[in-house]
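The chains referred to below are lettered A, B, ... by the order of the sequence lines, with proteins before strands, and numbering in each begins at 1.
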There are 2 protein chains.
Amino acid sequence: MLLIYVFNHKKMTELERYIKSYFGIVQPNDMKTIISLFKPSTIKKGEYFLKSEHFCDKLSFIQSGLLRMFVVTDGKEVTQWISTKGYFVTDLASIIFDLPSRWTIQALTDTELFTIQKDDYKKIGKLIPQWHELEKLFIARCFIILEDRIFMHLSMTAEERYQFFFEQNKDLFNQVPLQYLASMLGMTPETFSRIRRKT
Amino acid sequence: MLLIYVFNHKKMTELERYIKSYFGIVQPNDMKTIISLFKPSTIKKGEYFLKSEHFCDKLSFIQSGLLRMFVVTDGKEVTQWISTKGYFVTDLASIIFDLPSRWTIQALTDTELFTIQKDDYKKIGKLIPQWHELEKLFIARCFIILEDRIFMHLSMTAEERYQFFFEQNKDLFNQVPLQYLASMLGMTPETFSRIRRKT
DNA sequence: CTGATTTCTTGATTTATATCAAGACCCATC
DNA sequence: GATGGGTCTTGATATAAATCAAGAAATCAG
């Protein structure tokens, strides 16, 4: 029991560290409040974190492992993003605006999460007045990343997108099936493979 | 003088209407505060609202006219978006995080704006406690739109992107040079033209 | 109205990328 | 260490889209 406590404590610290780095300085008491709302859980390789069309009623922090976010269209899976340690995962449209989820999110490996339920998530804003502002800045940061990603699709070839992504995410290349990276970069596995050989 | 007053009043009401529709209900007094911080101005066709690398110190509402947001890479202009009446325009990365702007924003037609300066913009959050939350929701909505736009690039052909965009923005097609629409949809003007003929 | 620019279209060609199909590799499991 | 399922690579071919070049149409300025 003590072991588990120590174990959890250490992991919680990590969540805290990420919250600090994403949201900036938060009062120690507020941090305690926020952290206490996140509950640890695990999800096994292949299991679903969220299925499309369902309502997403949670937001999770990835402590370890990998989640893949994708959509099925015309019988094909289109991978939108792969989230690793340190990411927050949810369908924003679903948790904020109560819309059915657009994505399916599935574990690529056994994954440790800290999860906050929607009700508790909505409480944070009431408990911590500063919260909405911090979250606004966080979402703005995400928005800017997507703007850049769109720009990449407007102005770069498949090979340039590969190079750019590879520079920033070398580690992912030996952790996930490459076909998923191909998809999220907007090319086929064959094209991805040929580019990879060249470079 | 009276004429101008009436004129402005009517236009202000429009800004108010848009703020309401984007941000939800705001207390009448708060609305008055917000509106009072926006000052009318105009910008002539071809003039720049913002140049890339400069710092963006304002946020504007488009009362009438068209602004194009683009980047120059390899001597080519890549149009990222075209904003019309009812849009808010700024470089988020620049106004929120004090970064140099990534985009150039230029008027495609004479354009009427209501503009709030950065300092005043930052004040709103202090004057109206609820503001950060409303703005968070607004930015989240923008984020969701970009997610969908990325999905379009991952899963659709040039023709499908054309069709989809055309359905939602028929009006734009006879207001702006089509080459800019081509660019923001990620294709050449020639490809755009051929698709257009077919359909 | 007229000439000058800019924008759009069209055709010919090239290039990038997708598709199809087969085989190789990898690695987990018995 | 064989079997099998998933994954990756490779080659041949088809298709989508870019490029290049020229002319047509639209727009703008005087």
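A donor N or O paired with an acceptor N or O is found under 3.5 Å between the base of D:dC20 and the side-chain atoms of B:Glu190. Evaluation of atom-type donor-acceptor distances gives no pair under 3.5 Å for the side chain of B:Arg196 against the base of C:dT7.
Taking atom CE on B:Met187 and atom C1' on C:dA16, their separation rounds to 16 Å, with Å as the unit. Straight-line distance from the CZ atom of B:Phe173 to the P atom of C:dT7: 17 Å, rounded to whole Å. B:Lys198 has its NZ atom 14 Å from the C1' atom of C:dT10, to the nearest Å. Taking atom NZ of residue B:Lys45 and atom C1' of nucleotide C:dT7, one finds them 11 Å apart after rounding to whole Å. In this structure, CG of A:Leu178 is placed 13 Å from P of C:dC26, rounded to the nearest angstrom. Distance, A:Glu160 CD to D:dA18 C1': 14 Å, rounded to whole Å. For A:Leu185 and C:dA18, the CG to P distance is 11 Å, given to the nearest whole Å. In this structure, the CZ atom of A:Arg194 is 14 Å from the P atom of C:dC20, given to the nearest Å.
Listed candidates were C:dT7, D:dA17, D:dT19. Nearest to the side chain of B:Thr188 is D:dT19. Considering only the side chain of A:Ser193, D:dT10 comes nearest among D:dA21, C:dC8, D:dT10.
Note that A:Lys170 lies in the cation-pi zone of A:Phe166, set by a 6.0 Å cut-off to the ring centre and a 45° limit from the axis. Within the cation-pi definition used here (under 6.0 Å to the ring centroid, within 45° of the axis), B:Lys118 does not qualify as a partner of B:Tyr121. A cation-pi arrangement is absent between B:Lys198 and B:Tyr162, since the terminal nitrogen or guanidinium carbon is not both under 6.0 Å from the aromatic centre and inside a 45° cone about the axis.
Phosphate contact (OP1/OP2 of C:dT10, side-chain N/O of B:Arg197, threshold under 4.0 Å): present. Under 4.0 angstrom from either OP1 or OP2 of C:dA16 there lies no side-chain N or O belonging to A:Thr157.
Within 4.0 Å (heavy atoms only), B:Lys76 reaches sugar-phosphate atoms of the nucleic acid but no base atom.
For A:Phe164, the CZ atom sits in a loose shell: 12 or fewer heavy atoms of surrounding residues, nucleotides or ligands are nearer than 6.0 Å.
Where B:Tyr180 and A:Arg161 each meet DNA chain C at their nearest nucleotide, the meeting point lying more 5' is that of B:Tyr180.
The existence of a salt bridge linking A:Arg102 and B:Glu147 is confirmed by a sub-4.0 Å separation between a basic side-chain nitrogen and an acidic carboxylate oxygen.
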